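Okay, structure first, notes after.
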There are 2 protein chains.
Amino acid sequence: MPKRVDHEERRAHIAEALIQVAGRRGLHAVGMRDVAAEAGVSLRLVQYYFETKEKLLFYGLRHLTDRFTARVGARVAAAGPDPGPRATVEALLLASLPTDEESRTFHLLYSSYAILSVTDEALAAQPFVDQPDAAENALTALLERAQETGLADRDADARTEAISLLAMAATLGTSVLVGQRTPQSAIAVLRYHLDRVFTPAATPERSAAPA
Amino acid sequence: MPKRVDHEERRAHIAEALIQVAGRRGLHAVGMRDVAAEAGVSLRLVQYYFETKEKLLFYGLRHLTDRFTARVGARVAAAGPDPGPRATVEALLLASLPTDEESRTFHLLYSSYAILSVTDEALAAQPFVDQPDAAENALTALLERAQETGLADRDADARTEAISLLAMAATLGTSVLVGQRTPQSAIAVLRYHLDRVFTPAATPERSAAPA
DNA sequence: ACCTTGATGATACGGTCGTACCACGAAGAG
DNA sequence: CTCTTCGTGGTACGACCGTATCATCAAGGT
(Lines give C-alpha, C1' and ligand atoms only; values in the text may rest on other atoms or scores of the structure.)
Protein backbone atom coordinates (compact mmCIF):
# COMPACT_ATOMS: atom_id res chain seq x y z
CA MET A 1 0.00 0.00 0.00
CA PRO A 2 1.13 3.58 -0.57
CA LYS A 3 1.65 6.17 2.16
CA ARG A 4 -1.15 5.96 4.64
CA VAL A 5 -2.64 9.20 5.93
CA ASP A 6 -4.68 9.89 9.03
CA HIS A 7 -8.00 10.78 7.45
CA GLU A 8 -9.46 12.13 10.63
CA GLU A 9 -6.59 14.53 11.10
CA ARG A 10 -6.92 15.73 7.53
CA ARG A 11 -10.62 16.26 7.93
CA ALA A 12 -10.07 18.23 11.11
CA HIS A 13 -7.50 20.40 9.35
CA ILE A 14 -9.81 21.11 6.44
CA ALA A 15 -12.74 21.74 8.75
CA GLU A 16 -10.56 24.24 10.58
CA ALA A 17 -9.94 26.00 7.29
CA LEU A 18 -13.67 26.04 6.65
CA ILE A 19 -14.29 27.67 10.00
CA GLN A 20 -11.62 30.28 9.44
CA VAL A 21 -12.76 31.40 6.02
CA ALA A 22 -16.43 31.21 6.99
CA GLY A 23 -15.68 33.34 10.03
CA ARG A 24 -14.23 36.02 7.78
CA ARG A 25 -16.56 36.03 4.81
CA GLY A 26 -19.68 34.40 6.19
CA LEU A 27 -20.88 30.83 5.94
CA HIS A 28 -23.02 31.56 2.92
CA ALA A 29 -20.07 32.85 0.92
CA VAL A 30 -17.66 29.97 1.43
CA GLY A 31 -16.99 27.63 -1.47
CA MET A 32 -14.99 24.47 -1.75
CA ARG A 33 -12.20 26.32 -3.53
CA ASP A 34 -11.96 28.82 -0.69
CA VAL A 35 -11.67 26.05 1.85
CA ALA A 36 -9.01 24.31 -0.21
CA ALA A 37 -6.97 27.49 -0.54
CA GLU A 38 -7.27 28.26 3.17
CA ALA A 39 -6.19 24.74 4.09
CA GLY A 40 -3.33 24.86 1.62
CA VAL A 41 -4.52 21.83 -0.31
CA SER A 42 -6.00 21.28 -3.72
CA LEU A 43 -9.69 21.33 -4.46
CA ARG A 44 -9.48 17.65 -5.26
CA LEU A 45 -8.39 16.82 -1.72
CA VAL A 46 -11.33 18.55 -0.15
CA GLN A 47 -13.50 16.42 -2.39
CA TYR A 48 -11.49 13.37 -1.47
CA TYR A 49 -11.88 13.65 2.28
CA PHE A 50 -15.42 15.04 2.13
CA GLU A 51 -17.25 13.64 -0.83
CA THR A 52 -19.72 16.49 -1.00
CA LYS A 53 -20.05 20.02 0.27
CA GLU A 54 -22.98 19.07 2.43
CA LYS A 55 -20.85 16.54 4.29
CA LEU A 56 -18.12 19.12 4.71
CA LEU A 57 -20.60 21.53 6.23
CA PHE A 58 -21.96 18.88 8.58
CA TYR A 59 -18.50 17.91 9.69
CA GLY A 60 -17.65 21.57 10.14
CA LEU A 61 -20.61 22.05 12.44
CA ARG A 62 -19.61 19.07 14.52
CA HIS A 63 -16.04 20.28 14.69
CA LEU A 64 -17.19 23.74 15.69
CA THR A 65 -19.37 22.56 18.54
CA ASP A 66 -16.76 20.12 19.79
CA ARG A 67 -14.12 22.81 19.92
CA PHE A 68 -16.44 25.19 21.66
CA THR A 69 -17.56 22.66 24.23
CA ALA A 70 -13.92 22.05 25.07
CA ARG A 71 -13.33 25.77 25.33
CA VAL A 72 -16.19 26.32 27.73
CA GLY A 73 -15.01 23.40 29.80
CA ALA A 74 -11.56 24.91 30.00
CA ARG A 75 -12.99 28.25 31.03
CA VAL A 76 -15.02 26.67 33.77
CA ALA A 77 -12.00 24.70 34.94
CA ALA A 78 -9.98 27.90 34.93
CA ALA A 79 -12.45 29.37 37.41
CA GLY A 80 -10.45 27.54 40.03
CA PRO A 81 -10.64 24.21 41.83
CA ASP A 82 -14.06 23.65 43.38
CA PRO A 83 -15.46 27.13 42.66
CA GLY A 84 -18.79 28.21 44.00
CA PRO A 85 -21.90 27.68 41.85
CA ARG A 86 -22.07 31.35 41.06
CA ALA A 87 -18.53 31.41 39.72
CA THR A 88 -19.22 28.30 37.66
CA VAL A 89 -22.40 29.69 36.19
CA GLU A 90 -20.73 33.00 35.46
CA ALA A 91 -17.84 31.31 33.71
CA LEU A 92 -20.29 29.25 31.70
CA LEU A 93 -22.30 32.21 30.51
CA LEU A 94 -19.41 34.56 29.89
CA ALA A 95 -17.53 31.96 27.89
CA SER A 96 -20.26 32.02 25.26
CA LEU A 97 -20.02 35.76 24.67
CA PRO A 98 -18.07 36.77 21.54
CA THR A 99 -15.25 38.55 23.29
CA ASP A 100 -12.34 37.32 21.23
CA GLU A 101 -11.83 36.10 17.70
CA GLU A 102 -12.52 32.45 18.42
CA SER A 103 -15.75 33.00 20.30
CA ARG A 104 -16.78 35.60 17.75
CA THR A 105 -16.35 33.08 14.96
CA PHE A 106 -18.17 30.44 16.93
CA HIS A 107 -21.12 32.68 17.62
CA LEU A 108 -21.38 33.80 14.02
CA LEU A 109 -21.16 30.32 12.55
CA TYR A 110 -23.37 28.62 15.08
CA SER A 111 -26.03 31.25 14.44
CA SER A 112 -25.61 30.79 10.71
CA TYR A 113 -26.06 27.05 10.99
CA ALA A 114 -29.10 27.50 13.20
CA ILE A 115 -30.75 29.85 10.72
CA LEU A 116 -29.87 27.54 7.86
CA SER A 117 -31.46 24.62 9.69
CA VAL A 118 -34.84 26.36 9.64
CA THR A 119 -35.15 25.92 5.89
CA ASP A 120 -32.81 22.94 5.42
CA GLU A 121 -34.26 19.79 6.86
CA ALA A 122 -31.07 17.79 6.37
CA LEU A 123 -29.26 20.28 8.57
CA ALA A 124 -32.10 20.32 11.08
CA ALA A 125 -31.57 16.59 11.56
CA GLN A 126 -27.95 17.17 12.57
CA PRO A 127 -26.88 16.69 16.18
CA PHE A 128 -26.51 20.33 17.14
CA VAL A 129 -30.13 20.71 18.18
CA ASP A 130 -29.63 18.88 21.46
CA GLN A 131 -26.60 20.92 22.38
CA PRO A 132 -28.73 23.72 23.87
CA ASP A 133 -30.73 21.18 25.82
CA ALA A 134 -27.58 19.85 27.44
CA ALA A 135 -26.51 23.36 28.46
CA GLU A 136 -29.95 24.04 29.83
CA ASN A 137 -29.96 20.86 31.91
CA ALA A 138 -26.47 21.48 33.24
CA LEU A 139 -27.28 25.03 34.23
CA THR A 140 -30.54 23.97 35.83
CA ALA A 141 -28.71 21.41 37.93
CA LEU A 142 -26.18 24.00 39.03
CA LEU A 143 -28.91 26.38 40.10
CA GLU A 144 -30.80 23.68 41.96
CA ARG A 145 -27.68 22.68 43.82
CA ALA A 146 -27.08 26.31 44.74
CA GLN A 147 -30.63 26.55 46.03
CA GLU A 148 -30.19 23.45 48.17
CA THR A 149 -27.05 24.86 49.76
CA GLY A 150 -28.72 28.18 50.38
CA LEU A 151 -26.60 30.09 47.91
CA ALA A 152 -29.43 30.88 45.54
CA ASP A 153 -32.93 32.21 45.96
CA ARG A 154 -35.21 29.29 46.78
CA ASP A 155 -38.27 31.06 45.37
CA ALA A 156 -36.81 31.16 41.91
CA ASP A 157 -37.65 28.48 39.38
CA ALA A 158 -34.33 26.91 38.53
CA ARG A 159 -35.18 25.70 35.04
CA THR A 160 -36.87 28.91 34.01
CA GLU A 161 -33.93 30.91 35.26
CA ALA A 162 -31.53 28.64 33.42
CA ILE A 163 -33.48 29.04 30.18
CA SER A 164 -33.58 32.79 30.72
CA LEU A 165 -29.88 33.15 31.39
CA LEU A 166 -28.94 31.14 28.33
CA ALA A 167 -31.44 33.01 26.20
CA MET A 168 -30.07 36.35 27.33
CA ALA A 169 -26.49 35.26 26.81
CA ALA A 170 -27.35 34.21 23.26
CA THR A 171 -29.01 37.45 22.18
CA LEU A 172 -26.53 39.59 24.04
CA GLY A 173 -23.81 37.74 22.20
CA THR A 174 -25.46 38.51 18.90
CA SER A 175 -25.80 42.15 19.89
CA VAL A 176 -22.08 42.28 20.57
CA LEU A 177 -21.44 40.51 17.30
CA VAL A 178 -23.31 43.06 15.21
CA GLY A 179 -21.65 45.91 17.09
CA GLN A 180 -24.80 47.13 18.77
CA ARG A 181 -23.56 46.48 22.27
CA THR A 182 -20.20 46.26 24.00
CA PRO A 183 -19.07 43.08 25.73
CA GLN A 184 -18.92 44.99 29.00
CA SER A 185 -22.58 46.01 28.87
CA ALA A 186 -23.56 42.45 27.99
CA ILE A 187 -21.62 41.16 30.97
CA ALA A 188 -23.25 43.76 33.19
CA VAL A 189 -26.72 42.56 32.21
CA LEU A 190 -25.84 38.96 32.97
CA ARG A 191 -24.29 39.89 36.32
CA TYR A 192 -27.42 41.82 37.19
CA HIS A 193 -29.43 38.63 36.97
CA LEU A 194 -26.82 36.53 38.71
CA ASP A 195 -26.90 39.01 41.58
CA ARG A 196 -30.64 38.62 41.67
CA VAL A 197 -30.70 34.82 41.66
CA PHE A 198 -27.71 34.20 43.88
CA THR A 199 -28.07 35.37 47.43
CA PRO A 200 -25.13 37.47 48.66
CA ALA A 201 -24.89 35.34 51.86
CA ALA A 202 -21.51 33.99 52.82
CA THR A 203 -18.43 33.61 50.68
CA PRO A 204 -18.98 30.92 48.04
CA GLU A 205 -16.27 28.67 49.48
CA ARG A 206 -18.03 28.32 52.82
CA SER A 207 -20.84 25.80 52.74
CA ALA A 208 -22.76 26.74 55.91
CA ALA A 209 -25.03 29.76 55.68
CA PRO A 210 -25.17 32.01 58.79
CA ALA A 211 -29.02 31.76 58.85
CA MET B 1 -46.09 59.36 -22.45
CA PRO B 2 -47.06 55.71 -22.17
CA LYS B 3 -48.94 54.19 -19.28
CA ARG B 4 -47.56 55.49 -16.02
CA VAL B 5 -47.12 52.99 -13.21
CA ASP B 6 -46.80 53.54 -9.48
CA HIS B 7 -43.21 52.45 -8.96
CA GLU B 8 -43.50 52.34 -5.21
CA GLU B 9 -46.45 50.03 -5.36
CA ARG B 10 -44.62 47.73 -7.75
CA ARG B 11 -41.57 47.68 -5.54
CA ALA B 12 -43.69 46.82 -2.53
CA HIS B 13 -45.32 44.00 -4.45
CA ILE B 14 -42.02 42.56 -5.57
CA ALA B 15 -40.53 42.96 -2.10
CA GLU B 16 -43.50 41.04 -0.78
CA ALA B 17 -42.68 38.24 -3.19
CA LEU B 18 -39.09 38.30 -1.99
CA ILE B 19 -40.23 37.92 1.60
CA GLN B 20 -42.55 35.06 0.73
CA VAL B 21 -40.04 32.98 -1.18
CA ALA B 22 -37.24 33.78 1.25
CA GLY B 23 -39.47 32.72 4.11
CA ARG B 24 -39.95 29.34 2.47
CA ARG B 25 -36.54 28.53 1.09
CA GLY B 26 -34.26 30.78 3.13
CA LEU B 27 -32.81 34.16 2.31
CA HIS B 28 -29.58 32.65 1.03
CA ALA B 29 -31.38 30.54 -1.53
CA VAL B 30 -33.50 33.23 -3.15
CA GLY B 31 -32.60 34.42 -6.63
CA MET B 32 -33.97 37.13 -8.81
CA ARG B 33 -35.76 34.59 -10.97
CA ASP B 34 -37.47 33.15 -7.91
CA VAL B 35 -38.67 36.58 -6.87
CA ALA B 36 -39.93 37.30 -10.37
CA ALA B 37 -41.84 34.03 -10.52
CA GLU B 38 -43.35 34.55 -7.08
CA ALA B 39 -44.43 38.08 -7.98
CA GLY B 40 -45.83 36.91 -11.29
CA VAL B 41 -43.65 39.24 -13.32
CA SER B 42 -40.72 38.77 -15.66
CA LEU B 43 -37.13 38.77 -14.54
CA ARG B 44 -36.63 41.97 -16.47
CA LEU B 45 -39.16 43.82 -14.35
CA VAL B 46 -37.43 42.93 -11.13
CA GLN B 47 -34.30 44.38 -12.68
CA TYR B 48 -36.26 47.38 -13.84
CA TYR B 49 -37.67 48.40 -10.48
CA PHE B 50 -34.58 47.35 -8.51
CA GLU B 51 -31.48 47.83 -10.57
CA THR B 52 -29.45 45.29 -8.64
CA LYS B 53 -30.04 42.41 -6.30
CA GLU B 54 -28.37 44.25 -3.47
CA LYS B 55 -30.89 47.07 -3.74
CA LEU B 56 -33.70 44.55 -3.81
CA LEU B 57 -32.41 42.99 -0.61
CA PHE B 58 -32.07 46.36 1.09
CA TYR B 59 -35.56 47.34 0.09
CA GLY B 60 -36.81 43.98 1.26
CA LEU B 61 -35.30 44.53 4.68
CA ARG B 62 -36.91 47.93 4.97
CA HIS B 63 -40.24 46.54 3.86
CA LEU B 64 -39.95 43.71 6.35
CA THR B 65 -39.25 45.93 9.33
CA ASP B 66 -41.95 48.41 8.35
CA ARG B 67 -44.55 45.70 8.10
CA PHE B 68 -43.51 44.22 11.40
CA THR B 69 -43.51 47.54 13.21
CA ALA B 70 -47.06 48.08 12.02
CA ARG B 71 -47.99 44.61 13.17
CA VAL B 72 -46.62 45.12 16.65
CA GLY B 73 -48.38 48.44 16.87
CA ALA B 74 -51.64 46.80 15.93
CA ARG B 75 -51.14 44.10 18.54
CA VAL B 76 -50.47 46.66 21.23
CA ALA B 77 -53.51 48.65 20.17
CA ALA B 78 -55.55 45.44 20.26
CA ALA B 79 -54.65 45.08 23.93
CA GLY B 80 -57.48 47.48 24.56
CA PRO B 81 -57.87 51.21 25.04
CA ASP B 82 -55.53 52.52 27.72
CA PRO B 83 -54.24 49.16 28.92
CA GLY B 84 -51.96 48.81 31.91
CA PRO B 85 -48.20 48.89 31.40
CA ARG B 86 -47.99 45.18 32.02
CA ALA B 87 -50.50 44.41 29.30
CA THR B 88 -48.69 46.73 26.92
CA VAL B 89 -45.31 45.19 27.61
CA GLU B 90 -46.73 41.71 27.32
CA ALA B 91 -48.33 42.49 23.99
CA LEU B 92 -45.07 43.98 22.80
CA LEU B 93 -42.99 40.97 23.71
CA LEU B 94 -45.45 38.31 22.61
CA ALA B 95 -45.97 39.96 19.26
CA SER B 96 -42.35 39.28 18.38
CA LEU B 97 -42.59 35.54 18.98
CA PRO B 98 -42.94 33.42 15.84
CA THR B 99 -46.40 32.08 16.57
CA ASP B 100 -47.92 32.32 13.12
CA GLU B 101 -46.64 32.28 9.57
CA GLU B 102 -46.07 36.01 9.28
CA SER B 103 -44.12 36.38 12.51
CA ARG B 104 -42.24 33.19 11.72
CA THR B 105 -41.14 34.62 8.40
CA PHE B 106 -40.21 37.89 10.01
CA HIS B 107 -38.12 36.25 12.67
CA LEU B 108 -36.32 34.05 10.19
CA LEU B 109 -35.55 36.82 7.74
CA TYR B 110 -34.62 39.43 10.29
CA SER B 111 -32.19 36.98 11.86
CA SER B 112 -30.81 36.15 8.44
CA TYR B 113 -30.23 39.80 7.65
CA ALA B 114 -28.59 40.36 11.03
CA ILE B 115 -26.20 37.46 10.52
CA LEU B 116 -25.47 38.64 7.00
CA SER B 117 -24.66 42.10 8.29
CA VAL B 118 -21.79 40.74 10.37
CA THR B 119 -19.76 39.95 7.27
CA ASP B 120 -21.36 42.41 4.84
CA GLU B 121 -20.50 45.96 5.67
CA ALA B 122 -22.91 47.41 3.12
CA LEU B 123 -25.73 45.64 4.93
CA ALA B 124 -24.39 46.67 8.31
CA ALA B 125 -24.77 50.29 7.24
CA GLN B 126 -28.48 49.76 6.61
CA PRO B 127 -31.05 51.31 8.93
CA PHE B 128 -32.14 48.17 10.76
CA VAL B 129 -29.46 48.43 13.40
CA ASP B 130 -31.26 51.18 15.27
CA GLN B 131 -34.54 49.31 15.31
CA PRO B 132 -33.55 47.34 18.43
CA ASP B 133 -32.48 50.53 20.15
CA ALA B 134 -35.90 52.05 19.59
CA ALA B 135 -37.60 49.01 21.08
CA GLU B 136 -35.24 49.08 24.03
CA ASN B 137 -35.94 52.75 24.72
CA ALA B 138 -39.69 52.32 24.40
CA LEU B 139 -39.72 49.34 26.75
CA THR B 140 -37.50 51.14 29.24
CA ALA B 141 -39.86 54.09 29.28
CA LEU B 142 -42.83 51.80 29.86
CA LEU B 143 -41.12 50.13 32.80
CA GLU B 144 -40.09 53.43 34.33
CA ARG B 145 -43.60 54.72 34.06
CA ALA B 146 -44.85 51.55 35.74
CA GLN B 147 -42.34 52.05 38.52
CA GLU B 148 -43.47 55.62 39.08
CA THR B 149 -47.08 54.55 39.40
CA GLY B 150 -46.17 51.77 41.77
CA LEU B 151 -47.07 48.98 39.36
CA ALA B 152 -43.53 47.70 38.98
CA ASP B 153 -40.75 46.86 41.37
CA ARG B 154 -38.89 50.07 42.16
CA ASP B 155 -35.68 48.20 42.99
CA ALA B 156 -35.37 46.87 39.47
CA ASP B 157 -33.23 48.63 36.92
CA ALA B 158 -35.64 49.56 34.18
CA ARG B 159 -33.18 49.65 31.29
CA THR B 160 -31.47 46.42 32.26
CA GLU B 161 -34.81 44.70 32.60
CA ALA B 162 -35.89 46.06 29.22
CA ILE B 163 -32.71 44.77 27.59
CA SER B 164 -33.17 41.43 29.27
CA LEU B 165 -36.77 41.01 28.24
CA LEU B 166 -36.02 41.83 24.63
CA ALA B 167 -32.99 39.58 24.64
CA MET B 168 -34.98 36.69 26.02
CA ALA B 169 -37.82 37.25 23.59
CA ALA B 170 -35.35 37.14 20.71
CA THR B 171 -33.63 33.89 21.64
CA LEU B 172 -36.87 32.27 22.73
CA GLY B 173 -38.27 33.20 19.34
CA THR B 174 -35.35 31.53 17.64
CA SER B 175 -35.81 28.45 19.80
CA VAL B 176 -39.41 28.25 18.68
CA LEU B 177 -38.32 28.79 15.11
CA VAL B 178 -35.92 25.86 15.08
CA GLY B 179 -38.48 23.66 16.77
CA GLN B 180 -36.58 23.32 20.03
CA ARG B 181 -39.25 24.96 22.12
CA THR B 182 -43.00 25.44 21.94
CA PRO B 183 -44.52 28.92 21.79
CA GLN B 184 -46.32 28.16 25.05
CA SER B 185 -43.11 27.48 26.97
CA ALA B 186 -41.55 30.62 25.54
CA ILE B 187 -44.54 32.64 26.69
CA ALA B 188 -44.33 31.04 30.12
CA VAL B 189 -40.71 32.14 30.53
CA LEU B 190 -41.56 35.71 29.57
CA ARG B 191 -44.56 35.79 31.91
CA TYR B 192 -42.35 34.51 34.72
CA HIS B 193 -40.20 37.61 34.43
CA LEU B 194 -43.15 39.92 33.98
CA ASP B 195 -44.60 38.54 37.19
CA ARG B 196 -41.30 39.25 38.86
CA VAL B 197 -40.93 42.83 37.64
CA PHE B 198 -44.54 43.89 37.88
CA THR B 199 -45.99 43.98 41.37
CA PRO B 200 -49.32 42.17 41.71
CA ALA B 201 -50.84 45.17 43.52
CA ALA B 202 -54.17 46.45 42.29
CA THR B 203 -55.85 45.83 38.96
CA PRO B 204 -53.92 47.51 36.17
CA GLU B 205 -56.79 49.82 35.26
CA ARG B 206 -56.76 51.45 38.68
CA SER B 207 -54.06 54.04 39.07
CA ALA B 208 -53.96 54.44 42.86
CA ALA B 209 -52.01 51.83 44.82
CA PRO B 210 -53.66 50.73 48.09
CA ALA B 211 -50.54 51.20 50.22
C1' DA C 1 -50.18 61.71 -37.83
C1' DC C 2 -45.92 61.18 -35.72
C1' DC C 3 -42.59 61.03 -32.47
C1' DT C 4 -40.90 60.76 -27.88
C1' DT C 5 -40.56 58.05 -23.87
C1' DG C 6 -41.81 54.85 -20.14
C1' DA C 7 -42.79 49.88 -19.50
C1' DT C 8 -42.07 45.21 -20.71
C1' DG C 9 -40.46 40.82 -22.90
C1' DA C 10 -36.95 37.61 -24.59
C1' DT C 11 -32.52 36.24 -24.59
C1' DA C 12 -27.52 36.30 -24.40
C1' DC C 13 -23.09 36.72 -21.72
C1' DG C 14 -19.52 36.12 -18.42
C1' DG C 15 -18.54 34.14 -14.22
C1' DT C 16 -18.68 30.86 -10.47
C1' DC C 17 -19.91 26.79 -8.17
C1' DG C 18 -20.20 21.84 -7.04
C1' DT C 19 -19.03 17.72 -8.99
C1' DA C 20 -17.00 14.25 -12.13
C1' DC C 21 -13.35 12.46 -14.78
C1' DC C 22 -8.76 11.13 -15.96
C1' DA C 23 -4.01 10.49 -15.09
C1' DC C 24 0.10 9.77 -12.35
C1' DG C 25 3.16 8.90 -8.31
C1' DA C 26 4.49 6.20 -4.63
C1' DA C 27 4.67 2.50 -1.36
C1' DG C 28 4.10 -1.97 0.49
C1' DA C 29 2.50 -7.21 -1.03
C1' DG C 30 3.27 -11.18 -3.75
C1' DC D 1 10.21 -6.95 -9.87
C1' DT D 2 5.70 -6.02 -10.67
C1' DC D 3 1.20 -5.08 -9.38
C1' DT D 4 -2.30 -3.36 -6.70
C1' DT D 5 -4.17 0.44 -4.32
C1' DC D 6 -4.23 4.92 -1.71
C1' DG D 7 -3.35 9.62 -2.32
C1' DT D 8 -3.05 13.64 -5.22
C1' DG D 9 -3.15 17.01 -9.08
C1' DG D 10 -5.24 19.06 -13.03
C1' DT D 11 -9.08 20.05 -15.56
C1' DA D 12 -13.50 19.78 -17.76
C1' DC D 13 -18.62 19.78 -17.53
C1' DG D 14 -23.19 21.24 -16.71
C1' DA D 15 -26.00 24.18 -14.16
C1' DC D 16 -27.24 28.40 -12.29
C1' DC D 17 -26.93 33.31 -11.19
C1' DG D 18 -26.76 38.35 -11.71
C1' DT D 19 -26.51 41.48 -15.19
C1' DA D 20 -26.56 43.55 -19.84
C1' DT D 21 -28.46 44.02 -24.50
C1' DC D 22 -31.83 44.44 -27.95
C1' DA D 23 -36.35 44.86 -29.46
C1' DT D 24 -41.32 45.98 -29.05
C1' DC D 25 -45.48 48.02 -27.40
C1' DA D 26 -48.33 51.57 -25.81
C1' DA D 27 -49.78 56.16 -24.66
C1' DG D 28 -49.73 60.81 -24.58
C1' DG D 29 -47.73 65.60 -26.46
C1' DT D 30 -47.20 68.60 -30.57
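Because the structure is a prediction, the values reported are computed rather than measured. Naming: A, B, ... by sequence-line order, numbering from 1 per chain.
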Interface with DNA chain D, restricted to residues 51-60 of chain A and to heavy atoms under 4.0 Å: none
Side-chain donor/acceptor contact of A:R33 with base of C:dG18 under 3.5 Å: yes
A:E102 atom CD, neighbour heavy-atom count above 12 within 6.0 Å: yes
Short side-chain to backbone donor-acceptor contact, A:D195 and A:Y192, under 3.5 Å: no
Any donor-acceptor N or O pair under 3.5 Å, side chains B:R196, B:H193: yes
A:L45 CG - D:dC6 C1' separation (whole Å): 12 Å
Name of the residue among B:T182, B:V189, B:I187 meeting side-chain contact (heavy atoms from CB on, under 4.5 Å) with B:S185: B:T182
Phosphate OP1/OP2 of C:dG9: any B:S42 side-chain N/O under 4.0 Å: yes
Separation of D:dC25 P from B:R44 CZ (nearest whole Å): 16 Å
pair B:V89-B:F198: side-chain heavy atoms closer than 4.5 Å: yes
Atom-pair distance (CG on A:L43; P on D:dA12), nearest Å: 14 Å
Basic-acidic side-chain contact under 4.0 Å: A:D100, A:R71: yes
Parallel, tilted or perpendicular: rings of B:Y49 and B:H7 (30°, 60°): perpendicular
Rounded interatomic separation in angstrom, taking CG from B:L27 and C1' from D:dC17: 15 Å
Parallel, tilted or perpendicular, as decided by the 30° and 60° cut-offs, for the rings of B:F106 and B:F68: parallel
Touch class at under 4.0 angstrom, heavy-atom based, for A:F50 against every strand present: nothing
base_contact_polar (C:dG6 base, B:R4 side chain, donor-acceptor, <3.5 Å): no
Under-4.0 Å side-chain N/O to phosphate OP1/OP2 contact, A:Y48 with D:dC6: no
Full working for side chain to side chain donor-acceptor pair (under 3.5 Å) between A:T140 and A:N137: CA-CA 5 Å; A:T140 301; A:N137 290 332; 5.3 Å; no
5'-most by nearest nucleotide on DNA chain C - A:G31 or B:Q47: B:Q47
Separation of atom CE in A:M32 from atom C1' in C:dT16, rounded to whole Å: 14 Å
Stretch residues 6-13 of chain B: residues that reach within less than 4.0 Å of DNA chain D through a heavy atom: none
